Amino acid sequence: MPNYDVLFEAVKIGPVTAKNRFYQVPHCCGMGHLRPQAHAAMRGMKAQGGWAVVSTEETEIHPSSDLSPAVEQRLWDERDIPALQLMTQSVHEHGALAAIELVHNGHHSSNLYSRTPALAPSSRSLDIIYPKQARAMDKADIREFRRWHKAAAIRAKQAGFDIVYVYAGHEMSLPHHFLLPEYNQRIDEYGGSLENRLRLTKELLQDTQEAIGDSCAVAFRFAVDQMLGSDGMQAHEEGRAVVEMLADIPDLWDVNVSGWGNDSATSRFQPDSGYQTEYTKFVKQVTNKPVVGVGRLTSPDMMVSLIKQGVLDFIGAARPSIADPFLPNKIQQQRIEEIRECIGCNVCVSCDNLGVPIRCTQNPTMGEEWRRGWHPEKIAAAKTPQSVLVVGAGPAGLECALQLANRGYEVVLSEASKQLGGRVISESNLKGLAIWRRVSDYRIYQLQQMDNVNIYLDSALDVQQVLELGIEHVFVATGALWRKDGIGRSSRTPILGLDQVAIYTPDDIMSGASLGPGPIVIYDDEQGYLGSVVADHLSDLGHDVIFVTSASIVSPFTELTLEQKQVQRGLVAQGVGIYTNKIIANLSQKSGHVGVDLKCEYGGEDQWLACASLVLVTERESASPLYEQLQQLQEDNGTSLPTPIPMSVTLIGDALAPGLIADAVFSGHQGAQEFEADPERVQQGLFKREMPSLKT
Ligand code: ADP
Ligand code: SF4
C-alpha cells in the first residue's frame, strides 16, 4: 500500500492550523453574491470531502470593483456579511478553514452595475467590450483603496473567515496591475522600480495583518510568471525578486502563473498535471512560510512527491476539487481508483464566463448540492428494488447505469458497439482530447466492481429485443449523430450539390475514416470546440486542410473555456487556411473541379474553394428510433402484443438533446436521481431557487 500519510499532516498558517495539506484555492463558481445558499452548500461539500482549507471566489471589496455580469462574491459593506457567514459556517461544520479572496479588479472590473469609474495605476481601457476607460489613481485614490481593503478584511473576520487574501494574480487585480510595468506607467513612488511597483502590495499585506492578523492568517496569491517569456514577468527574474522582497511577510504563499488561461490550462493544450511546478518550485526555497501551488493535481503519488521534495506544503486545487470534492477522503481511505479525475475541459470555467452556476463534466452534482439536494457520493436507495435496462453506454448511459446501480437496482446495460464510452471514446481519439477518456474510464471501473450490474457489449437492441427482456423500466441513451446534409445554424435547408464530393462528419473522422487526396474543407457551422479539433487532427495527419466557419473567429465557444487564442493560433501555425464569416451556400464546379461556394455574412465578395472532401460540423440529430417505437407502444397501450410493454421509458443524454459531454452526464445522472421520485416534482423540473430579498 502506498503511504500517503504525509498528505494528512496538520500545517500551521500564521495563527490558524489546517488539518491536512489539501487546500481548495479560490475559484469562481457563478454563484457568488446572488446565490449564497447554493454557494455555502457547494463549499461545505468540499469541506465534507476532506479539504482542510476551502476558499471563496474573488470577493469584490467595493462598488468600484463590480464584476457584473459575472457573478462573484461581494463584501462591499456590512450587509454582505450574513451571506458569507453561511459559507464559513458550512465549511467550519466539517473542521475545515474558510479562506476569502479579497479583490479589487482595477480596470478588469466592468462597473456596469455600480456605474462607478474604474480605477487603475495608469489610465487604461476596461478589460471588457465596452468603450470606457479606467481613471489613473491619484494618491487620494490609493489611500481610499487601502482603506476599503482594510475595512473588507475586518468584515471578512466578522463573517468568520480564518484566512484572508491579498491578491496579485491573473492580471485581474489592482496589486497585480501596479506590479506589472505594462499596466503601470506611473512616475511617482508607486511606479518605476520593482520596489515602487510592489509598494502597494506590501502596504496591503501590512494593513491586513494589522487589522486582523491576530486571529486570521494573511495569504498572498501571486502569479510568479506571465508565461510571455521576456515580454512579461518571469519566475526566474522579477517573479523571484518579488518573493524575495516579501519572503516572510504573508502567512502563506499561494502561487501560480498568469493569465487565467495559463493558470487554468486545458488538457487540450497542457496535458500534464503539475504543469506549473517548474515555475513555482523556487518559492519554497525563498520563504519560510507555507506554500500552496496548483496545476491540475489529481495523482496522489505526485502529491506526495511534491511535498517530500519540498516543492509545496499544500496541494492546491480548484478543478480537481470540483471534479471530486471527496478527493482527500478517498486518498486517506486508499480508495484511489474511485477518484473522479478532472479532465481539464474547462466547462466549469465557461459557466463563470456566462454568469451561471458552475457545472462539471466529471461531477454532475457540482452546483446542484443545494438546489437539487444532490451529493457527489450518496444517492437515495431504490424505493422498490427491481431491474432496469439502460440502452447505450455513452456518457449518459454510463452515468445513469452507475447511479441506478448505486441506488441498488439490478442494472442491465446494453451497448451496440464493442466498447463502452460512446462519444467520449470517439472524441478522445482526436488530437488533444485523450484525457477526456477519464469520463468513461471512471464510470466503467465503478460499474465493473458492482455485482448488480450486467453489461452486454456488441448488443444493439431493437424494440422486439427490449420487449423480450421483459424489464419494466427502460432508459434510452442512444446518443446523436452528426448531420450529413449541411443543416445547421446558418442554413435550415440542405446545402445543394453535396453529392459531388466525398462528405464526412465528425463521426466518420472519429471512427478513423481515411480521407482521399486533395484539399479537405471543414465547415464549422456549430461553432463549438469539435470543428477546430477535427481540423487540427486532420492537419496533423498531413492533410491539406481549409477551415471555413460562419463565426467571426475559430471555435467561439472556446473563448469561454479560455482556449480560443491557442486554438486559432494552433491552426494558423499548422498552415490551415482559415475563412471566417463565411457560409457554404452550395457546391459547384469550375474548370472540371468541384468546390464550395462561400457567401460572406456581411455582403463581401463570394469565393470559390476547390474541395475534394467536405467535413460537415453543423448539427446533430438524436438517434432515438428505439425510444420513438417504445413510446408508440405505450401510447397504443401495447394491447396488440403478447408480451407486456415497459412501464416507463426515459430518454436521456444526447438522444434527448445533443449537447456537451457535461450535459449528457448530467442528463444520465438526473434520470437516475429522478427515477421513482415524487412525480409531481420531477414533472415540473423543480429545484430550489434563491429569491431576491426585498431588503435594502
Ligand atoms: P450520450 O452522450 O447521450 O451518452 P453517445 O452517442 O455517447 O450518447 O452514446 C450512445 C451510445 O449508445 C453509443 O455507444 C451507441 O453505440 C449506443 N447505442 C445506440 N443505439 C443503440 C441500441 N439500439 N442498443 C444499444 N446501444 C445503442
Ligand atoms: Fe475539470 Fe472539466 Fe470538471 Fe472543470 S468541468 S473540473 S475542467 S472535468
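We number each residue from 1, following the sequence as shown. When a ligand or atom number is given, it counts from 1 through the structure's own listing order. None of the values given here were measured: they were computed from a predicted structure.
Counting only heavy atoms of the protein, atom 6 (O) of ligand 1 lies nearest to G479 CA, 3.4 Å. Scanning the protein for heavy atoms near atom 1 (Fe) of ligand 2, the closest one is C342 SG, 2.4 Å. Regarding atom 1 (P) of ligand 1, its nearest protein heavy-atom neighbour is D654 OD2, 3.4 Å. At the top of the distance list for atom 20 (N) of ligand 1, counting protein heavy atoms only, stands T478 CG2, 3.3 Å. Scanning all protein heavy atoms for the shortest distance to atom 6 (S) of ligand 2 gives R319 O, 3.4 Å. When hydrogens are left out, the protein atom nearest atom 24 (N) of ligand 1 is L461 N, 3.0 Å; that is the closest non-hydrogen contact. Looking only at protein heavy atoms, the nearest one to atom 9 (O) of ligand 1 is G394 CA, 3.4 Å. When only non-hydrogen protein atoms are considered, atom 12 (O) of ligand 1 lies nearest to G392 CA, 3.2 Å. Closest to atom 13 (C) of ligand 1 among all protein heavy atoms lies E415 OE1, 3.6 Å. Annotation: atom 7 (O) of ligand 1 to nearest protein heavy atom, R423 N, 2.7 Å.
Near I343, meaning under 4.0 Å from one of its heavy atoms, ligand 2 places the atoms 1 (Fe), 8 (S). Near C348, the atoms of ligand 2 lying under 4.0 angstrom from a non-hydrogen atom of the residue are 4 (Fe), 5 (S), 6 (S), 7 (S). Contact atoms of ligand 1 toward A460: 24 (N), 25 (C) (distance under 4.0 Å to a heavy atom of the residue). Interface of I322 with ligand 2, defined as ligand atoms under 4.0 Å from a residue heavy atom, comprises 6 (S). The A664 neighbourhood of ligand 1 comprises atoms 2 (O), with distances under 4.0 Å to a heavy atom of that residue. Each of the following atoms of ligand 1 lies closer than 4.0 Å to a heavy atom of S414: 25 (C), 26 (N). Close contacts of ligand 1 with G653, meaning ligand atoms under 4.0 Å from a residue heavy atom, involve 3 (O). Listed by number with element, the atoms of ligand 1 under 4.0 angstrom from any heavy atom of V391 are 22 (C), 24 (N), 25 (C). Against a heavy-atom cut-off of under 4.0 Å, G422 is close to the following atoms of ligand 1: 7 (O), 9 (O), 14 (O). For ligand 1, the atoms sitting less than 4.0 Å from at least one non-hydrogen atom of A477 are 10 (C), 11 (C), 12 (O), numbered in the order shown with element in parentheses. Near T361, meaning under 4.0 Å from one of its heavy atoms, ligand 2 places the atoms 3 (Fe), 5 (S). Within the listing of ligand 2, atoms 1 (Fe), 7 (S) sit less than 4.0 angstrom from a heavy atom of G344.
C360 lies apart from atom 1 (Fe) of ligand 2 in this respect, since none of its N, O or S atoms is found at a distance under 2.8 Å. When distances to atom 2 (Fe) of ligand 2 are checked against a cut-off of 2.8 Å, C345 contributes an N, O or S atom below that limit.
A donor-acceptor pair shorter than 3.5 Å can be found between the side chains of Q386 and E676. Between the side chains of R319 and N346, at least one donor N or O lies within less than 3.5 Å of an accepting N or O. Checking Q403 against Q673 by side-chain atom types alone, no donor-acceptor pair falls below 3.5 Å. In the model, R221 has no side-chain atom that pairs as donor or acceptor with a side-chain atom of Y165 under 3.5 Å.
Heavy-atom minimum distance, N363 versus C360: N-SG, 3.2 Å. Considering every non-hydrogen atom in both W374 and M45, the closest pair reads O-CE, 4.0 Å. Contact detail for E427 and L433: the closest heavy-atom pair is O-CB, 3.4 Å.
Atom CG of L327 is separated from atom NZ of K46 by 11.0 Å, given to the nearest 0.5 angstrom. Summarising the geometry, atom NE2 belonging to H170 is positioned 9.5 Å from atom CG belonging to N262; distances are rounded to the nearest 0.5 Å. Expressed to the nearest 0.5 Å, how far CG of D636 lies from CD of Q634 amounts to 10.0 Å. Distance check: T266 OG1 to I343 CD1 gives 10.5 Å after rounding to the nearest 0.5 Å.
Between A396 and ligand 1, at least one N/O pair is under 3.5 Å apart. Distances between N or O atoms of V424 and those of ligand 1 include no value under 3.5 Å. Between A416 and ligand 1, a contact under 3.5 Å exists for at least one N or O pair.
The aromatic rings of F675 and H473 sit perpendicular to each other, their planes meeting at more than 60°, with 30° as the lower class boundary. The aromatic rings of Y529 and F557 sit tilted, their planes meeting at an angle between 30° and 60°. Using cut-offs of 30° and 60° on the angle between ring planes, the pair H375 and F326 is tilted.
Ligand 1 lies out of reach of A623, whose nearest heavy atom is not under 4.0 Å from it. Proximity of S459 to ligand 1 is established by a heavy-atom distance of less than 4.0 Å.
Comment: R620 does not engage D507 in a salt bridge, judged by the lack of any side-chain N to carboxylate O separation of less than 4.0 angstrom. Under a 4.0 Å N-O distance rule, the pair K330/E377 qualifies as a salt bridge. A salt bridge is absent between E369 and R43; no separation between the charged side-chain nitrogens and carboxylate oxygens falls under 4.0 Å.
If you look at P395 next to ligand 1, the close heavy atoms, those under 4.0 Å, come from the backbone and the side chain alike.
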